[in-house]
Amino acid sequence: MAKSRRDFLKRGSLGLAGAALACKEKPKETAAVSSPAPGAPATPGAPPAFATAPAVGPEITGATFSEAQKLVQVDMTPAEKAEAAQSWRQAMAPLYERRVGPRKVALEPELAPWSRVEAAQFGHAGPDRDRFIRSKGEMMPLPEKDEDIAYAPVSQLSRWIESKKLTSTRLTQIYLDRLQQFDPKLRCVITLTRDHALAQAKKADAEIAAGKHRGPLHGIPWGAKDLLDTADIATTYGAEPFRNRVPTEDAAVTKKLNEAGAVLVAKLSLGAMALNDVWFGGQTVNPWLPEEGASGSSAGPGAATAAGLVGFAIGSETGGSIVSPSMRCGVTGLRPTYGRVPRTGAMTLCWSLDKLGPMARSVEDTLMVLNAISGPDPGDVASVPSKLDFDANADVKGVKVGYFPKWMQEAPATDVDRAALDMVKTLGMNAVEVSIPDWPYDSLQLILFAESAAAFEELTLSRQVYTLKMQTPDAWPNTFRQSRFLSAVDFVQADRFRRKVAQEMARVMTEVDLLLVPSLRDEMLTLTNFTGHPSLTLRAGFVEVSEARSDWAPDPKNPLPKFSPPRRVPHGVTLIGRLFDEGTLGRVGLALEKAFHVAGERPSGF
């Protein structure tokens with residue numbers, strides 16, 4: 001028999017707003033849910049009422065709220081705290097039954113939240129036509145040295161393979177050898193997929209010989225950030241608790257690349273569970289400056305691509321994980337519009353923020369890969385159909401490029417960023433001053449912290465997070481624990497603020513075709529990840545650094561290496577596009593890349 005609405009409400013799905021104040025934890029105390037007292041049925045027609053469920057959970061007093069209110073920065077009077085404490089166990093504690101029991105409900109890792117982000121509900125919805133036109137550059141002669149072949153862009157490798165000047169098997173063997181040779185220096189490989197890769201390369205060569213050419217990625221070796229599922233090949237998330245995890249199915253993006261004929265040569269490192277650049281095998285380092293980390297969390301894709309160990313790689317971004325390692329390692333990273341690339345079979349950190357995207361050694365390469373991996377998948381409720389309008393040969397004159405004058409004159413902007421703005425004008429594009437309100441955009445991070453703590457709730461409550469290598473205050477174990485005490489009310493308010501920010505961003509993008517920004521400008525890095533706008537980060541020049549850089553909070557006990565004289569390293573700038581308008585990003589990025597003349601320089605020693 002169906003339960004009555006009164007019984008349903010008593011057991012706890014209403015009154016969620018009150019759950020913002022967490023009860024003070026008592027060590028090793030277990031909350032037991034008591035059964036309703038037997039008695040006569042409720043008077044027919046009597047409505048349900050709040051705060052009438054059986055009392056559960058630990059005892060609560062006004063003093064509990066005195067401490068808890070410090071966490072969420074509210075101020076309650078003594079009378080208010082006493083009243084809240086009196087009814088907490090009947091009103092709010094029962095709402096945790098899903099987690100504490102007795103009727104516990106397991107939430108499967110692939111289960112997405114009911115609410116979902118739709119980036120295109122604000123402003124630009126993408127191009128009307130769908131086309132991908134490659135550059136008309138002539139095919140270069142095949143180099144004699146394997147090293148020179150390895151560093152060639154995918155746009156060139158694909159022409160050699162298609163014309164049968166180079167076999168996929170030879171190219172795959174070149175990359176496998178380089179991965180094995182240089183991984184001890186870079187610590188960028190979690191799993192080398194030698195047998196799998198050679199089998200895929202042999203198949204690609206046979207198909208091409210038979211006249212079945214699948215497209216520009218056919219026979220091209222690639223590396224996957226190790227949060228992308230690969231059937232029968234370990235996918236570890238770079239984290240100790242998942243070291244032996246072997247999925248039985250490929251992720252949607254893996255399937256798409258298999259269909260394109262690409263060859264998987266390695267599962268590449270990421271900071272454990274997509275944070276920074278330290279994983280269970282150590283810290284992945286920057287090929288240009290091995291005394292520092294590669295930046296994260298797409299550390300392995302950044303390092304391997306920069307050192308010529310793969311043709312291209314797939315990274316992911318939630319809050320800077322493609323942009324930052326691309327900038328530091330001097331590669332090109334394309335963060336697609338939220339929803340363009342399906343995330344089915346990829347580790348979830350934050351349902352409303354995670355994105356998968358290509359990292360390569362040229363702008364055109366990233367658009368080639370994006371073209372292959374775009375498209376909705378039933379397993380990702382946020383993935384949507386989209387079009388890509390990219391012509392590598394199109395003119396950029398008249399394109400309106402927005403910039404923030406103040407940002408260009410202060411850190412983290414450099415002379416390279418300012419020179420890039422000048423280049424925009426030299427190429428005939430129009431530089432347009434834009435502005436956004438001075439709002440606390442970092443407040444949006446509450447959503448990231450709450451969603452990520454939910455994604456790894458079981459790992460946190462079971463204390464398996466203690467097995468992670470990093471146990472610093474700014475690492476996931478502490479952040480996940482802290483996030484349990486974020487206010488649910490503030491989560492909703494942050495979500496409303498997110499809408500306000502998206503509306504403001506839509507206004508800005510009606511004034512320009514794209515934005516040029518310092519890559520690590522915190523406001524833009526944060527807000528565009530939350531609004532879902534695409535970005536393209538590309539090498540624009542070089543800067544000198546006198547100290548190694550780190551994603552981690554400063555640690556006086558472990559100071560960063562200093563350099564005298566300063567060391568020369570690549571520096572990237574970032575373009576922010578309109579929603580689903582990666583084609584314009586690619587067109588402008590390609591023009592800038594050609595004008596900068598710095599994309600071909602390689603890190604020494606690799």
Side-chain angles (χ1 to χ4, degrees), residues 107-120 224-229 235-239 242 247 251-254 256 268 270-276 296-301 313-326 333-359 369-370 373-384 386 444-457 459 476 479-480 483 491 494-495 498 502 525-535 579-580 582:
L107 303 179
E108 298 80 9
E110 65 272 13
L111 186 67
W114 168 259
S115 300
R116 67 179 187 180
V117 172
E118 297 179 48
K225 184 175 180 178
D226 201 29
L227 51 60
L228 202 64
D229 277 356
T235 301
T236 71
Y237 305 164
F242 303 101
V253 164
T254 307
K256 287 177 179 291
L268 301 173
L270 68 159
M273 287 158 19
L275 179 68
N276 299 351
S297 64
S298 302
I314 297 295
S316 72
E317 174 150 329
T318 303
S321 291
I322 289 176
V323 172
S324 188
S326 294
L334 177 56
R335 180 190 76 204
T337 302
Y338 177 84
R340 178 186 280 277
V341 177
R343 303 162 301 174
T344 310
M347 186 200 86
T348 296
L349 180 66
C350 185
W351 290 273
S352 71
L353 284 170
D354 294 346
K355 310 158 203 76
L356 299 171
M359 299 169 71
V369 178
L370 181 67
I373 64 176
S374 295
D377 183 84
D380 181 359
V381 297
S383 63
V384 296
S386 61
L444 294 168
Q445 300 289 17
L446 186 149
I447 296 171
L448 164 60
F449 294 148
E451 286 198 38
S452 60
F456 290 103
E457 177 184 65
L459 202 71
W476 279 148
T479 301
F480 289 166
S483 297
F491 180 91
D495 200 41
R498 186 177 189 174
L525 190 62
T526 298
L527 77 88
T528 56
N529 265 292
F530 277 89
T531 59
H533 284 78
S535 73
L579 297 171
F580 297 101
E582 287 87 346

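Note that the structure is a prediction, hence the values are computed from the model and not measured.
- For Glu110, the side chain to side chain contact (heavy atoms under 4.5 Å, CB included) test picks out Glu108, with sequence neighbours left out.
- Residue Lys256 comes nearest to Pro342 through the heavy atom pair CE-CG, 3.8 Å, listed as atom of the first residue, atom of the second, then distance.
- Residues meeting the ring-ring contact (aromatic ring centres under 6.0 Å, His included) test with Phe242, sequence neighbours left out: Tyr237.
- Ser383 approaches Pro376 most closely through the heavy-atom pair OG-CA, 3.5 Å.
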Could you walk me through whether Ile447 and Ser352 satisfy the side-chain contact (heavy atoms from CB on, under 4.5 Å) test, starting with their C-alpha distance in whole Å, then the side-chain angles of each, then the deciding distance to 0.1 Å, before giving a yes or no?
CA-CA 9 Å; Ile447 296 171; Ser352 71; 4.0 Å; yes

Please report the C-alpha distance between Met347 and Ser316 in whole Å, then the side-chain angles of each, then the deciding distance to 0.1 Å, and finally whether the side-chain contact (heavy atoms from CB on, under 4.5 Å) criterion is met.
CA-CA 10 Å; Met347 186 200 86; Ser316 72; over 6 Å; no

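- For the atom pair Ser535 OG and Glu317 CD, the distance stands at 5.5 Å (nearest 0.5 Å).
- Of all non-hydrogen atoms in Thr479 and Phe449, the two that sit nearest each other are CG2-CD2, 3.7 Å.
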Please test Ile314 against Val369 for side-chain contact (heavy atoms from CB on, under 4.5 Å), starting from the C-alpha separation and ending with a verdict.
CA-CA 9 Å; Ile314 297 295; Val369 178; 3.8 Å; yes

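- With hydrogens and angles disregarded, a donor-acceptor distance shorter than 3.5 Å links the side chain of Ser298 to the backbone of Ser321.
- With rounding to the nearest 0.5 Å, the separation of CZ in Phe580 from NE2 in His533 is 10.0 Å.
- Partners of Ser452 according to the side chain to side chain donor-acceptor pair (under 3.5 Å) rule, which considers only residues two or more places apart in sequence or in another chain, do not exist here.
- With sequence neighbours left out, the salt bridge (Lys or Arg N to Asp or Glu O under 4.0 Å) criterion links Asp354 to no other residue.
- Residues satisfying the side chain to side chain donor-acceptor pair (under 3.5 Å) criterion with Thr528, sequence neighbours excluded, are Arg335.
- By the side chain to side chain donor-acceptor pair (under 3.5 Å) test, Asp226 is found to be paired with Thr236, Lys267, residues two or more places apart in sequence or in another chain being considered.
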In sequence, state the C-alpha distance, the side-chain angles, and the governing distance for Ile373 and Leu356, and then conclude on side-chain contact (heavy atoms from CB on, under 4.5 Å).
CA-CA 9 Å; Ile373 64 176; Leu356 299 171; 5.6 Å; no

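- Rounding to the nearest 0.5 angstrom, the gap separating the CE atom in Met273 from the CG atom in Leu227 is 11.5 Å.
- Residues satisfying the ring-ring contact (aromatic ring centres under 6.0 Å, His included) test with Tyr338, not counting sequence neighbours, are none.
- One distance of note links CG of Leu353 with CZ of Phe530; it measures 4.5 Å at 0.5 Å rounding.
- Partners of Ser326 under the side chain to side chain contact (heavy atoms under 4.5 Å, CB included) rule, at least two apart in sequence or in another chain, are Ile322, Val331, Met359, Thr537.
- Residues Gly238 and Leu270 come closest through the heavy atom pair N-CD2, 3.6 Å.
- The heavy-atom pair separating Ala274 from Leu349 by the smallest distance is O-CD2, 4.0 Å.
- Summarising the geometry of Lys355 relative to Pro336, their closest heavy-atom pair is CD-O, 3.7 Å, with the distance given to 0.1 Å.
- With sequence neighbours left out, Thr348 forms a side chain to side chain donor-acceptor pair (under 3.5 Å) with no residue at all.
- Taking the side chain to side chain contact (heavy atoms under 4.5 Å, CB included) definition, one finds that Leu275 meets it with Trp476, Trp552, sequence neighbours left out.
- Applying the salt bridge (Lys or Arg N to Asp or Glu O under 4.0 Å) rule to pairs touching residues 339-351 yields Arg340-Glu582, Arg343-Asp380, sequence neighbours excluded.
- Scored by the side chain to side chain contact (heavy atoms under 4.5 Å, CB included) test, Pro247 finds Asp229, Thr235, Arg245 as partners (sequence neighbours excluded).
- Side-chain atoms of Arg498 and Val117, non-hydrogen and from C-beta on, do get closer than 4.5 Å to each other.
- Separating the CG atom in Asn529 from the CG atom in Leu444 is a distance of 10.5 Å, to the nearest 0.5 Å.
- Annotation: the span from Gln445 atom CD to Ser483 atom OG amounts to 11.0 Å, rounded to 0.5 Å.
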